[in-house]
Every structure is written in C-alpha cells, then in structure tokens.
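Just so it is clear, the values below take in all heavy atoms, side chains as well, and ignore hydrogens, waters and symmetry mates.
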Amino acid sequence: MTDLPQELQPDPALKQRVVSALVAAGLVKRRRPWRAWGVAAAAAVVLLTVGVSVFRPRHMLAPGNTYVLLLHEDSAWVPPPPGHNRERRAELARWADSLDEVGKFVRAGQLIGPGSAIDGLFMIRAADDSDAVRIAATCPFRKHGGRVELKRYVE
Amino acid sequence: MTDDLALVQRFLRTRGEDAFEALYEAHTPALYALALRLTGGDQGEAEDLVQESWVRAVRALSSYRAQSALRSWLCGVLVNVRRTRMRSDWRTVDAPNVEPAAESVDPDESLDLERAIGALPEGARDVYVLHDVYGYTHREIAEMLSIVEGTSKSQLTRARALIRRSLR
C-alpha cells in the first residue's frame, strides 16, 4: 500500500451544504436556532413564513426602525472545533439576550434550503442607521470571521 | 458496541443535526480523500460526490448492520454514487480540473504520486486507489465496482505499470 494520507479535510462550507441537502430531503431535522434561549424557547412560537423560524422577544420593543442582520459564512469564517457548536450558540444567545433586555431584539432564525450561504439572521430594533451599525458591530459572529450584512426592514 | 455503531444509533434515534454532524466529522475526511482521488483531483466534483453520498448513505443507514466498518460501507456508497453519476446522461463532461488535490505529508513525492493517480484511466484509477491507497481486497473491490476479481487484478497491474512509468 502507498502511504498517501487517507483523510483530507474538505472546505468547511461543505458541511453546511450537506446538512442543507439532508434537511431539504427530510432526512435530518434542523437544530432549532440558538436553542440556549431557555425561557424564550419555552415560549417560542415557530412561524413558517418564508421558511424562517422565529422566537418572540420577551420585552417591549424599543422605538425606531427594524433591521435585519444576515450572518454570512464567507471564506474568512472559522467554524467551531468539533464539539464546540454549543459554545458558539450560547455566545450568540447571550448577545441576543442583552439586546432583548433593552427592547432591541425582535427575532432570530435561519434560512432553510439548499445553497444558502447565510448561516442565520437576527431582526433587531435600532434608533437609526448609525445605531444599527453600532449594534451589528457588536455581534459575536464577527469575532470568528463571519460577515454581518445589515439591511433596514420595511413592511 | 463500536463508536461508529453508537453514532449511527444515536442518529437513527433523533435524526437530529447534531447527531448527523458527529457522523459527518468522523468520516467525511476519509470520504473526501477518496472522492478527490477517484475524480483525479477535481475538488468541485469531489465535494458533490461527498454530498450525494451522504444523502444516499443517510437514506440507507437503517440497513447498516455493522458487519463491515462504517467507513468501508460509506466508501462503498461513494464509489457507487460516482459510478451512477458517470452513467447519467445529464452529467457535465467539462474538462476536469487537474489542480493538485491538497496538501500531503511529503509534498514532493506524494504530489507526484497524486498527479500520476489523477492521470490514470478511470477504471484503473478506481482499482488502484481502492487497493493500494485504501487497502481493500480484490474481492471487496469487485463487489463495489460490480466487476470480477480478475478484472480488478488486471486493472491494478495496469495501473501500477502506468504509475511507475509516469514517476520515472
């Protein structure tokens, strides 16, 4: 036998592709987004509008505009080491809780479907565009090389 | 109970993303390495193969009985997925990407060997990779590729001769 390596690491993005394909085929159940929200999860309402799972906020929403933060796993994204997914989710949950305390958290979820390069999304309230940019800059997803795209949401 | 069997049973109980990720992380590096070699270093095709293989494997996972190692079973699924794709009319036939596949332990010698493997005719390459890189027996290869053992042996002889020639 040759001594060529029998294992090679693929692009980390492949895992999300595979999971999305399995979810789309009904073979794997998608984990609930950031389920570390204990109390919030208990009262969670899952709305199936355009395939986005959402959780209701626990506090009155602050005045201002609603914004959407789209979380992208681009090439700079550093995925959690095996077994550390829970820490990452807890980190995001703490951040969302801190927004919720001041009425700036609206909901969170994931976009389900094959080929999506967006790992998740948050809807937040912010006084204005500058405030939204400031909040987006604090999102812990960015610490790990993730890119946060900010859009104002208009109904 | 083996670790693999425990992972499989956990997944079959929950069908959850976390349980699947444990399986994925344990076996995808081996599947990807095999796919990369079977496709002659075409990373895109190798990733597609791995993805389709996982879908096929998860569909059939309840029939896995641990009579063979899970990794061997998964590699068999991948080999069959590739053969199905090669037979499909819709498969694109663009010129393959022949860039070096990935880093290896010994960059010079291993890269030459990887290139030589990538340049083999497909039938010979399949047998060479499965036998000389992964250690499958001719009997196992014959089952995986739906050929007779004699064909596997002759393809291996041919592959080795071509590799020796290209490494000179």
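In this structure, the portion of B:H131 lying under 4.5 Å from any heavy atom of chain A is its backbone and not its side chain. Using a 4.5 Å cut-off between heavy atoms, B:L61 does not touch chain A at all. Proximity to chain A involves both the backbone and the side chain of B:E47, based on heavy atoms less than 4.5 angstrom apart.
Looking only at distances, no side-chain donor or acceptor of B:R37 sits under 3.5 Å from a matching main-chain atom of B:D126. In this structure, B:R15 contributes its side chain and A:V28 its backbone to no donor-acceptor pair below 3.5 Å. Between the side chain of A:R107 and the backbone N or O of A:F122, no donor-acceptor pair lies under 3.5 Å.
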**Report entry** From CA spacing to verdict: side-chain contact (heavy atoms from CB on, under 4.5 Å), A:W95, A:I135
**Finding:** CA-CA 10 Å; A:W95 177 75; A:I135 293 171; 3.9 Å; yes
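Between the side chains of A:D131 and A:Y67, no donor N or O sits under 3.5 Å from an acceptor N or O.
Relative orientation of the B:Y64 and B:W73 rings is tilted, given thresholds of 30° and 60° on the angle between their planes.
Using a 4.5 Å cut-off between non-hydrogen atoms, the part of residues 133-166 of chain B that approaches chain A consists of B:V133, B:Y134, B:G135.
Residues B:E21 and B:D18 form a side-chain contact, since some pair of their non-hydrogen atoms from C-beta on lies under 4.5 Å apart.
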